[in-house]
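I have placed the structure first, in the form of structure tokens, so that the comments after it can refer back to it.
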Amino acid sequence: MKNTSKRNPWAWIPTLYFAQGLPYVAVMTISVIMYKRLGISNTDIALYTGWLYLPWVIKPFWSPFVDIIKTKRWWTLTMQWIIAFALAGIAFAIPAPFFFQLTLAIFWLVGFTSATHDIAADGFYMLALTEHEQSLYVGIRSTFYRIATVAGQGLLVIVAGLIETNSGLAPVGVTVNADPSAEWKAPELDAIYSTPADLAGELAFITPQNNINVAVNTPGEVTAMIDGKEETMAFSRYSSLMRDSVKHMNERNGFVAAETPTASGAEVTAKKAEAPSAFTTWLKKNFGEEREPFTARDNNFAIVGVRLNKQPAAGEEIVLNVTHKSGDQSIKLEQNKLSTRFVFTDKNWDKPAYLFYEVDHKLTQPTTASFEGASGNIPLAWSVVFAVLSAFFFIVAAYHSWALPRPASDGRNDAGNTASSIIAEFFETFKSFFSKPQAWVAIAFMLLYRLPEAQLVKLINPFLLDPIDKGGLGLTTGEVGIVYGTVGIIGLTLGGIIGGIVAAKGGLKKWLWPMAWSMSLTCLTFVYLSYASAPSLLTVNICVFIEQFGYGFGFTAYMLYLIYFSEGKHKTAHYAICTGFMALGMMLPGMAAGWLQETIGYRHFFIWTMICCAATIGICAFIKIDPNFGRKVEKQ
């Protein structure tokens, strides 16, 4: 007999949505970090891991099968078991000689399995809970999904780092001290050669620059030797030449694999910048922000050399990975063009591998950052990480086999068992979605409700980082990490939780308008910041918190409406289709946001986002919602 006993939602919602977030992070973020540490080129990482997002983009196209075949509970548990075995496969494949191709194939499997798990878990959420409970827990599920992303990007990467640090040679540390009052000095590239090798000691990494002081301010021009000739040049060109020198020296000495030249061997020349279109010119002339000409300031840099103290065994490779350990993130390792992974052998042990540090020119107070180079067993470290992930999914799948309730409504679909009936039901799922009452109004809501935020979210970080004379706030990288990465996340999470609580009390219809206005009016904080004269860091934090809280609060109505519109026979597939429109509504406006801001400036861009709020508010006027949806109905 089927058990329909109700399980406390707290027993399974947090773990279910924590488990939903981890595979996504593993595929989209952890894979990138792992491949970088294992020496895969940036080109290959960007190309192959970029395609891994595809399963989440196209998941609506196979969502009807999750509705038609078996139960949502069966799909959820089955996907968790498959993910558990797949993650174990990655752990075993990492030490293999052809690990890149093999792990990439398994990541594809994890991606499609995880996307299917998303469909089933979201469908199960709607079947296992009443409308009131769906409203109440919508913020909780989002919170634990975000916790999973933080744990995946933070905790698991820390575990890998600890294993690397403790399984090889003693770590080498470099501390960079930036001082705005210090006088600029040219870097000393020969300093590493002046350190005699300690041939009697244990094999270790050495650097004469464990603690290096660097100025923040830079001169306008620098005189340097170029090809044996003394030449005076702008500091920006000098910095670029030094970065290129570091790159070429590390490649020449065999620490980093040289980039593959073009097929013709010809030097690639930069294309001449295209003139702006007539529309861009008209828009800038009539709506662009008038500002004084912008004068760019250059970041200063420091160069540190690291090498081994004595020759390793013939054929032995010692891989050094250098990462930020602690301190202000306004001091950072250049990683866009330069590698921070170096391979030392018996051939290059006595040559320096160079690190290139950049110092944010917006620093106004002395600050410090520490970096650590580890040379442990990298394949072992990442194998352990994926073994831990696999073990977690084995445990969570076993736990959910007990914890997930068995709602009576989660039964087999009546499509039949023949292939023709299943195919017919598949197409019927899409037909019924677009045949629903207010279907096109609902689609417009999905595309327009987040129109202001879809554009705003792309420009928040650039606005915080850009210098004041370019229209930004001129914050340092470290300050932005606190403002947006910490305070903003807290505001977003609290807004979502509180939104779920109030929606469960009054229902979606009652709270739709307040949430829509919350989504809109909080954008005013960035209009204020763009016009404010040198706002304090506290003011910036408060404004970002308010805006993100308003977005989290207003987003609750959006998620609940997707659930409301998906109600019916094919609710699981219909919800997946809704999430496809949700992604489209964020993607398209976001693609044009950068161009628009560069054309009209930050102030007018933020005013434009406020104008777009009319779409958020306006579309709500056409939405029809049952007043009782999401609200707890008192028993008579």
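Basis for what follows: all heavy atoms, side chains included, without hydrogens, waters or symmetry-related copies. The residues of the chain are indexed from 1 along the displayed sequence. Because the structure is a prediction, the values reported are computed rather than measured.
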Can you find a side-chain donor-acceptor pair between [X] and [Y] that sits under 3.5 Å?
| X | Y | answer |
| --- | --- | --- |
| Asn217 | Asn300 | no |
| Ser239 | Ser236 | no |
| Thr232 | Thr223 | yes |
| Thr103 | Tyr35 | yes |
| Ser330 | Asp360 | no |
| Asn348 | Asn253 | no |

If only atom types and distance count, is the side chain of [X] paired as donor or acceptor with the main-chain N or O of [Y] below 3.5 Å?
| X | Y | answer |
| --- | --- | --- |
| Asn250 | Ala353 | no |
| Asn309 | Ala204 | yes |
| His361 | Leu363 | no |
| Ser383 | Ala91 | yes |
| Thr522 | Ile546 | no |
| Glu251 | His248 | no |
| Lys229 | Ala224 | no |
| Thr493 | Thr143 | no |
| Asp44 | Ile40 | no |
| Thr207 | Gly305 | yes |

So, [X] versus [Y], ring centres under 6.0 angstrom or not?
| X | Y | result |
| --- | --- | --- |
| Tyr48 | Phe107 | no |
| Phe463 | Tyr602 | yes |
| Phe526 | Phe606 | yes |
| Phe392 | Phe18 | yes |
| Phe386 | Phe92 | no |
| Phe344 | Phe255 | yes |

Kindly compute the distance separating [atom1] ([X]) from [atom2] ([Y]), expressed to the nearest 0.5 Å.
| X | Y | atom1 | atom2 | answer |
| --- | --- | --- | --- | --- |
| Leu529 | Ile460 | CG | CD1 | 10.0 Å |
| Leu380 | Ile163 | CG | CD1 | 6.0 Å |
| Gln455 | Met586 | CD | CE | 10.0 Å |
| Leu475 | Leu537 | CG | CG | 6.5 Å |
| Thr323 | Arg341 | OG1 | CZ | 13.5 Å |
| Ser339 | Leu355 | OG | CG | 9.5 Å |

> For Lys36 and Val32, what are the C-alpha separation, side-chain angles and deciding distance, and is it a side chain to side chain contact (heavy atoms under 4.5 Å, CB included)?
Replying inline: CA-CA 6 Å; Lys36 183 71 175 177; Val32 174; 5.6 Å; no
> Are Lys458 and Glu453 close enough, and set up right, to give a salt bridge (charged side-chain N to carboxylate O under 4.0 Å, His left out), and what steps lead you there?
Replying inline: CA-CA 9 Å; Lys458 294 292 185 182; Glu453 192 68 27; over 6 Å; no
What do you reckon, is [atom1] of [X] surrounded by more than 12 foreign heavy atoms closer than 6.0 Å?
| X | atom1 | value |
| --- | --- | --- |
| Tyr528 | OH | no |
| Gln101 | CD | yes |
| Gln365 | CD | no |
| Phe100 | CZ | yes |
| Met587 | CE | yes |
| Trp595 | CH2 | yes |

So does [X] pair up with [Y], basic N to acidic O under 4.0 Å?
| X | Y | answer |
| --- | --- | --- |
| Glu358 | Arg243 | yes |
| Lys247 | Glu334 | no |
| Glu164 | Arg37 | yes |

> Please walk me through it: do Thr218 and Asp298 pass side-chain hydrogen bond (donor to acceptor under 3.5 Å, both in side chains)?
Replying inline: CA-CA 7 Å; Thr218 59; Asp298 298 305; 4.8 Å; no
> Stepwise, does the side chain to side chain contact (heavy atoms under 4.5 Å, CB included) test hold for Phe301 with Tyr238?
Replying inline: CA-CA 11 Å; Phe301 64 91; Tyr238 172 71; 3.6 Å; yes
>> Is any side-chain heavy atom of Ile318 closer than 4.5 Å to one of Leu308?
In response: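 Side-chain contact under 4.5 Å: yes.
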> Do Leu494 and Phe545 have side chains that get closer than 4.5 Å, going by heavy atoms?
Replying inline: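 Counting from C-beta outward, Leu494 and Phe545 do come under 4.5 Å.
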> Which word best sums up how the rings of Tyr53 and Tyr24 line up, parallel for under 30°, tilted for 30 to 60°, or perpendicular for over 60°?
Replying inline: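 Judged by the thresholds at 30° and 60°, the geometry between Tyr53 and Tyr24 is perpendicular.
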Closest heavy-atom pair and its distance - [X], [Y]:
| X | Y | result |
| --- | --- | --- |
| Trp108 | Pro55 | CZ3-CD, 4.1 Å |
| Gly173 | Asn210 | O-ND2, 2.8 Å |
| Ser167 | Asn377 | OG-N, 2.8 Å |
| Glu317 | Thr345 | CG-CG2, 4.0 Å |
| Ala313 | Asp346 | O-CB, 4.0 Å |
| Pro219 | Phe235 | O-CB, 3.2 Å |

>> Test side chain to side chain contact (heavy atoms under 4.5 Å, CB included) on Gln311 and Leu203; report intermediate values, then the result.
In response: CA-CA 8 Å; Gln311 189 174 25; Leu203 187 65; over 6 Å; no
>> Checking Ser245 now: which residues fulfil side chain to side chain contact (heavy atoms under 4.5 Å, CB included) with it, not counting sequence neighbours?
In response: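 By the side chain to side chain contact (heavy atoms under 4.5 Å, CB included) rule, Ser245 matches Met249.
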> Yes or no on side-chain hydrogen bond (donor to acceptor under 3.5 Å, both in side chains) for Asn177 and Asn211, after CA distance, side-chain angles and deciding distance?
Replying inline: CA-CA 7 Å; Asn177 308 297; Asn211 199 304; 2.4 Å; yes
>> Among residues at least two apart in sequence or on other chains, which ones pass side chain to side chain donor-acceptor pair (under 3.5 Å) with Thr149?
In response: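 Partners of Thr149 by the side chain to side chain donor-acceptor pair (under 3.5 Å) criterion come out as none, since no residue qualifies.
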>> Apply side chain to side chain contact (heavy atoms under 4.5 Å, CB included) to residues Phe205 and Leu320 and explain how you reach the verdict.
In response: CA-CA 9 Å; Phe205 286 101; Leu320 180 71; 3.9 Å; yes
